[in-house]
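Following: one structure in structure tokens, then a few remarks.
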2 protein chains.
Amino acid sequence: MECASEFLKDRKKEMMAINDAMDVLNGKWKICIISSICYYNKRRFSDILNDVAGISNKMLSKELKELEANKLVKRTVLDTQPVTVQYELTDHGKTLQTIITNLTEWGMEHRKKIIGKN
Amino acid sequence: MECASEFLKDRKKEMMAINDAMDVLNGKWKICIISSICYYNKRRFSDILNDVAGISNKMLSKELKELEANKLVKRTVLDTQPVTVQYELTDHGKTLQTIITNLTEWGMEHRKKIIGKN
DNA sequence: CAGTATCCAAAGGGATACTG
DNA sequence: CAGTATCCCTTTGGATACTG
């Protein structure tokens with residue numbers, strides 16, 4: 001048998017990592033927002049508001065700030081009249097691509113198997 | 001240019017799929033619980049309670065029920081005194097393996113890059 | 001357009017105690 | 001052991017209105 005404390009230390013790190021990831025992605029909206037920006041490359045506030053069904057401007061604003069704080073999203077104010085704001089993924093944000101793809105595929109399978117109907 | 005309505009229909013399906021997946025996995029605990037059961041193959045209620053730092057028995061009970069309802073987890077009552085309850089992943093639950101692995105790895109990278117410290 | 005501010009009902013979830 | 005039940009404070013987030 002291996003050293004139990006080493007084994008537990010690794011497990012703890014794994015759990016921490018999962019928590020870190022989920023903290024960043026959690027909630028009803030984050031992944032959808034990221035997916036929207038990612039899909040269109042650059043996306044304006046009001047566009048995302050339309051893409052993500054059901055989200056309110058208050059929520060969108062809050063979520064985007066959190067994504068910015070986590071350096072997943074970059075916000076650029078364009079000097080137009082009235083102002084336009086572009087959101088795009090940072091390089092770090094783009095590393096979520098795989099996870100989003102996996103989640104999308106898994107969600108489709110899950111719907112087929114459990115929820116029924118497509 | 002491709003047919004715009006086909007394009008939008010696909011996008012909608014993708015968003016729905018992401019939502020389905022997130023509905024199932026959302027919250028502070030679900031992935032951690034799944035990860036714990038997955039890691040040990042079979043796991044008892046009180047063991048999971050210990051594995052997942054900070055969770056209360058009330059929460060764990062609620063989350064496990066939801067995971068069962070989504071057919072990700074199977075619950076087996078063993079005829080011991082007092083009762084023992086085993087939780088294990090269903091085949092469907094095991095299909096989350098990839099996502100969990102990806103989340104773990106992404107979480108570690110994220111911690112290095114953004115949160116700082118390991 | 002891209003947000004902020006405020007109000008407020010509803011849901012979430014911890015602490016504690018209890019049960020088969 | 002494996003949960004339930006209850007109390008109760010906190011957070012969440014929708015609706016609406018307003019601003020630069």
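Residue numbers start from 1 in every chain, and the chains themselves are labelled A, B, ... in the order their sequence lines are given, proteins ahead of strands.
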First locate atom NZ of A:K71, then atom NZ of B:K113, and finally report the distance between them rounded to the nearest 0.5 Å. 12.0 Å

Validation row: A:I34, A:L25 side chains within 4.5 angstrom (heavy atoms): yes

Can you check the B:I48 CD1 to D:dA2 P distance for me, whole Å? 9 Å

Identified pairing partner of D:dT11, criterion: Watson-Crick or G-U wobble below 3.5 Å: C:dA10

Is there a side-chain polar atom (N or O) of B:S61 under 4.0 Å from OP1 or OP2 of D:dT4? yes

Protein-nucleotide distance (B:L60, atom CG; D:dA2, atom P), rounded to Å: 10 Å

Start at the 5' end of DNA chain C and walk down; is the nucleotide closest to A:R75 or to B:M59 reached first? A:R75

Atom-to-atom span, CZ of A:F45 to C1' of D:dG20 - whole angstrom: 15 Å

A:I37 side chain reached by A:L67 side chain, heavy atoms, under 4.5 Å: no

Hey, which of these two, B:P82 or A:P82, hits DNA chain D nearer its 5' end, going by closest nucleotide? B:P82

When all nucleic acid strands are considered with a 4.0 Å heavy-atom cut-off, which category describes B:K65: base, sugar-phosphate, or nothing? sugar-phosphate

What's the NZ-C1' distance between B:K62 and D:dA5, to the nearest Å? 16 Å

Report the residue (A:K58 or A:L64) whose heavy-atom-nearest nucleotide on DNA chain C is the more 5′ of the two. A:L64

State, yes or no, whether a side-chain contact exists between A:L60 and A:W29 at a heavy-atom distance under 4.5 Å. no

Ignoring backbone atoms, test whether A:S56 places a side-chain nitrogen or oxygen under 4.0 Å from the OP1 or OP2 oxygen of D:dG13. no

Which nucleotide, D:dT16, C:dC1, C:dA2, lies nearest any side-chain atom of A:N57? D:dT16

Winner on side-chain proximity to A:S46, out of D:dC1, C:dG14, C:dC1, is C:dC1

Grab the CD-C1' distance between A:E68 and C:dA2 for me, whole Å please. 13 Å

The side chain of A:V85 is closest to which nucleotide in this list: C:dC1, C:dG3, C:dG13? C:dG3

Looking only at side-chain N and O atoms, does B:Y87 come under 4.0 Å of OP1 or OP2 in D:dG3? yes

Taking a pair as Watson-Crick or G-U wobble with both distances under 3.5 Å, which nucleotide is matched to D:dT19? C:dA2

Are A:R11 and A:E14 within salt-bridge range, i.e. N to O under 4.0 Å? yes

